[in-house]
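Quick note on labels: first sequence line is chain A, next is B, and so on, each numbered from 1.
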There are 4 protein chains.
Amino acid sequence: MSKREQILYSTLELITELGFHATPMSLIIKKSNAAAGTIYHYFKSKEDLIDTLYSDLKEEMGKAIIQNLDLELNYKEKFFLICNNLFSFFTENPKKFEFLEDYANSPLIHKEIKEINRRHYQQALDFIESGIQIGMLRELPLILMINLIFGNISCFSRMIILEEIEPTEELLNKVIQSSWDSVKIN
Amino acid sequence: MSKREQILYSTLELITELGFHATPMSLIIKKSNAAAGTIYHYFKSKEDLIDTLYSDLKEEMGKAIIQNLDLELNYKEKFFLICNNLFSFFTENPKKFEFLEDYANSPLIHKEIKEINRRHYQQALDFIESGIQIGMLRELPLILMINLIFGNISCFSRMIILEEIEPTEELLNKVIQSSWDSVKIN
Amino acid sequence: MSKREQILYSTLELITELGFHATPMSLIIKKSNAAAGTIYHYFKSKEDLIDTLYSDLKEEMGKAIIQNLDLELNYKEKFFLICNNLFSFFTENPKKFEFLEDYANSPLIHKEIKEINRRHYQQALDFIESGIQIGMLRELPLILMINLIFGNISCFSRMIILEEIEPTEELLNKVIQSSWDSVKIN
Amino acid sequence: MSKREQILYSTLELITELGFHATPMSLIIKKSNAAAGTIYHYFKSKEDLIDTLYSDLKEEMGKAIIQNLDLELNYKEKFFLICNNLFSFFTENPKKFEFLEDYANSPLIHKEIKEINRRHYQQALDFIESGIQIGMLRELPLILMINLIFGNISCFSRMIILEEIEPTEELLNKVIQSSWDSVKIN
DNA sequence: GATGAATGAGACTTCATTCAT
DNA sequence: TATGAATGAAGTCTCATTCAT
């Protein structure tokens with residue numbers, strides 16, 4: 001593994017393990033066996049480093065949500081599959097979830113970064129768009145619809161992670177059904 | 001204004017103006033004309049001070065969302081009114097919105113604080129609960145339903161505030177309709 | 001109990017329980033149910049308050065060491081009794097011991113306070129002086145002799161308290177014998 | 001001098017000049033021309049820095065007490081030499097003496113640090129141990145015997161430093177004789 | 001006598017970042 | 001490429017003490 005990769009890998013480990021706020025550069029330096037200067041050789045700033053990781057996690061998440069999407073399912077079933085995938089990713093990776101959420105709302109985030117990351121969701125976006133075109137989904141701005149759907153799942157996931165409610169298969173299905181009802185054409 | 005009130009007021013101003021992370025004690029000290037020790041006389045820690053403010057803002061928000069609720073409206077109309085109120089509060093107070101969101105997800109927050117603040121939403125909770133009882137709304141855990149509805153509105157509000165989409169009366173109505181569809185009994 | 005007594009009592013409790021360094025005024029204020037101003041009404045400063053307590057403990061210690069001294073014992077036996085008393089007082093009151101030691105070496109201490117406290121040891125001083133006069137003890141400055149003897153016992157006590165050596169009756173006797181041999185006329 | 005040495009040197013100077021309690025980090029920073037961060041680069045905490053200095057002074061003291069020990073002297077004469085050395089070190093370096101005493105009794109001190117420092121006294125320990133083996137000294141725990149002997153000298157030294165008694169060659173000899181009598185086999 | 005709100009200097013430490021090597 | 005010593009502003013908080021009531 002190259003030094004640059006070591007740095008990225010260690011940062012990812014630390015940030016998904018300790019969370020966004022509890023990961024100072026000093027720890028990254030230690031864990032990656034890289035000198036401070038080396039990190040700043042590859043990354044302009046801590047922000048830049050975190051940006052990269054944010055993209056990595058977004059990509060991972062992007063892949064996770066479309067898992068098994070190519071199965072022979074109808075549109076609604078695919079919708080449910082994606083939501084299930086998202087829920088699984090979040091609850092199976094609570095620290096990644098936390099980082100993604102923290103960072104998404106962080107004042108640090110750059111619009112351009114957000115733009116770039118959109119490509120990881122192209123398939124998901126395409127899926128929603130096709131739903132509109134075939135008359136299954138309402139005519140809402142694409143990006144808004146995605147945010148609403150994903151927001152619902154992430155809201156539910158957080159409650160599960162924080163143990164504010166009991167996780168059951170049935171409840172999850174009800175929540176996804178809610179999401180579906182909120183975007184499907186009556 | 002008493003010293004304690006000065007401190008709270010100044011902190012509120014600063015935190016809603018600069019955001020959660022950009023408000024160090026030193027600034028609060030300057031703005032409130034209080035000595036450091038004075039702040040720690042009234043509040044156990046910075047966290048304690050912020051907790052108090054969080055509660056204050058939650059209370060303000062709690063009042064905002066039930067504005068005009070006693071009008072002669074039917075259930076669905078009241079639902080729309082509450083969502084409208086929430087949206088207005090968020091978009092008219094973007095910094096308060098930011099603080100509330102940041103802090104709600106902050107690792108600093110205490111469960112007990114959350115519990116206490118629940119009372120500010122009693123009317124809203126009661127409204128939802130009654131909706132379930134009269135057969136208008138689905139049987140989902142109360143706290144989950146609130147989170148989903150409010151989550152939708154806050155997700156939409158954030159996009160407006162961040163200028164990711166254009167705010168129109170029509171779009172707002174569509175979003176609220178989505179929320180309604182997600183919890184109403186088909 | 002008068003307010004002044006409450007203050008003294010609470011300070012004593014705190015200082016013998018928490019030790020010299022872990023007892024700020026704020027704690028004394030809380031425990032004594034007295035206002036800060038009240039303490040400064042009775043005592044010029046924290047130092048003054050501690051001085052008073054130091055004297056109290058010194059007096060208690062002074063009484064402890066001459067316990068049972070009036071028994072029909074010969075000179076050497078009385079010497080051993082005093083040393084035993086001192087050892088018991090130290091090891092049975094390790095926190096008082098700690099405070100006494102800390103404070104005795106503290107730069108805060110005033111010569112005058114030391115002078116005043118000397119009266120609590122008048123009996124012990126007299127006992128040593130008489131030992132010199134009757135030819136049992138060497139001709140060393142009285143205050144030096146006391147310090148050496150008490151220093152030995154306190155050194156031994158500290159090792160017991162810190163569990164650096166095992167306490168046995170036999171070892172204690174050997175240590176006292178050492179002290180005796182160091183001052184007795186061969 | 002390297003930065004680390006500058007820091008250590010300045011701290012030593014300050015601490016032996018001002019005493020243990022009157023030496024805040026800010027002064028060390030100023031005197032050593034090092035940034036705060038630099039100090040924490042080399043030392044985990046203030047305590048760690050002080051630990052190091054304590055060890056340094058203990059080492060210096062360890063060397064001082066065995067000065068000229070290799071002369072052709074008999075056992076008792078060597079004993080007197082060591083005690084004389086110790087007395088000289090204390091009275092010629094009253095501030096170091098004060099720091100050593102303060103710190104030795106400080107609650108901050110770690111047992112492990114004490115253990116490590118024991119090696120600086122190996123020669124002295126060996127000397128005492130050999131005394132026991134050749135039948136000159138009593139059978140007391142080694143560490144206790146050292147403490148008692150050194151305690152006596154340090155007690156005497158303090159009285160000299162605080163000007164509680166007049167220093168004379170004769171008195172010093174009497175005190176060492178006392179120590180000798182307290183451990184020698186009659 | 002008694003209160004306790006108010007003081008503010010100063011305590012230790014952390015942090016992202018730089019730069020000479 | 002890679003190092004890591006050095007930076008120093010800024011962070012939160014504690015403390016003995018004062019003074020108007």
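Taking atom CZ of A:F20 as the reference point, atom P of E:dC15 lies 14 Å away to the nearest angstrom. The NZ atom of B:K46 sits 14 Å away from the P atom of F:dA10 (whole-angstrom rounding). To the nearest angstrom, P of F:dT3 lies 15 Å from CD1 of A:I28. Distance C:K44 NZ to F:dT18 C1': 16 Å, rounded to the nearest Å. Note: CE (A:M25) to C1' (F:dT3) measures 15 Å, nearest angstrom. Going from atom CD1 of D:I50 over to atom P of E:dT13 covers 10 Å, rounded to whole Å. Between the CG atom of A:L49 and the C1' atom of E:dT17 there is a distance of 13 Å, given to the nearest Å. Following rounding to the nearest Å, D:E47 (CD) and E:dA11 (P) show an atom-to-atom distance of 18 Å.
Side-chain atoms of B:Y103 and B:D51 form a donor-acceptor pair, as typed in the model, at a separation below 3.5 Å.
Ranking E:dT18, E:dC12, F:dT17 by closeness to the D:Y40 side chain, first place goes to E:dC12.
Taking for each of C:I29 and B:S45 the nucleotide of DNA chain F with the nearest heavy atom, the 5'-most of the two is the partner of B:S45.
The number of heavy atoms from other shown groups lying within 6.0 Å of CZ (A:F43) is above 12.
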Intermediate values then yes/no, side chain to side chain contact (heavy atoms under 4.5 Å, CB included), A:L53 and A:T16 | CA-CA 10 Å; A:L53 277 167; A:T16 56; over 6 Å; no
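At a threshold of 4.0 Å, the pair D:E60-D:K63 does not count as salt-bridged, since none of the basic side-chain nitrogens sits closer than that to a carboxylate oxygen.
Under a 3.5 Å cut-off, the side chain of B:Y54 and the backbone N or O of B:F99 do not form any donor-acceptor pair. With hydrogens and angles ignored, the 3.5 Å screen pairs a side-chain donor or acceptor of C:K3 with a backbone N or O of C:N33. The main-chain N or O of A:L49 is never found under 3.5 Å from a side-chain atom of A:Y42 such that the two would form a donor-acceptor pair.
Ring orientation note: the planes of D:H21 and C:H21 are close to parallel, at an angle under 30° on the 30°/60° scale.
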Which parts of nucleotides 4-10 of chain E does protein reach within less than 4.0 Å, heavy atoms only, written one letter per nucleotide 5' to 3' as B for base, S for sugar-phosphate only and - for none?
-> BBSBBB-
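We find the CG-OG1 distance between A:L14 and A:T23 to be 5.5 Å, quoted to the nearest 0.5 Å.
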Given pairs defined as Watson-Crick or G-U wobble with both distances under 3.5 Å, what dot-bracket annotation applies to DNA chain F, with ( ) intrastrand, [ ] crossing, | other strand and . unpaired?
-> .||||||||||||||||||||
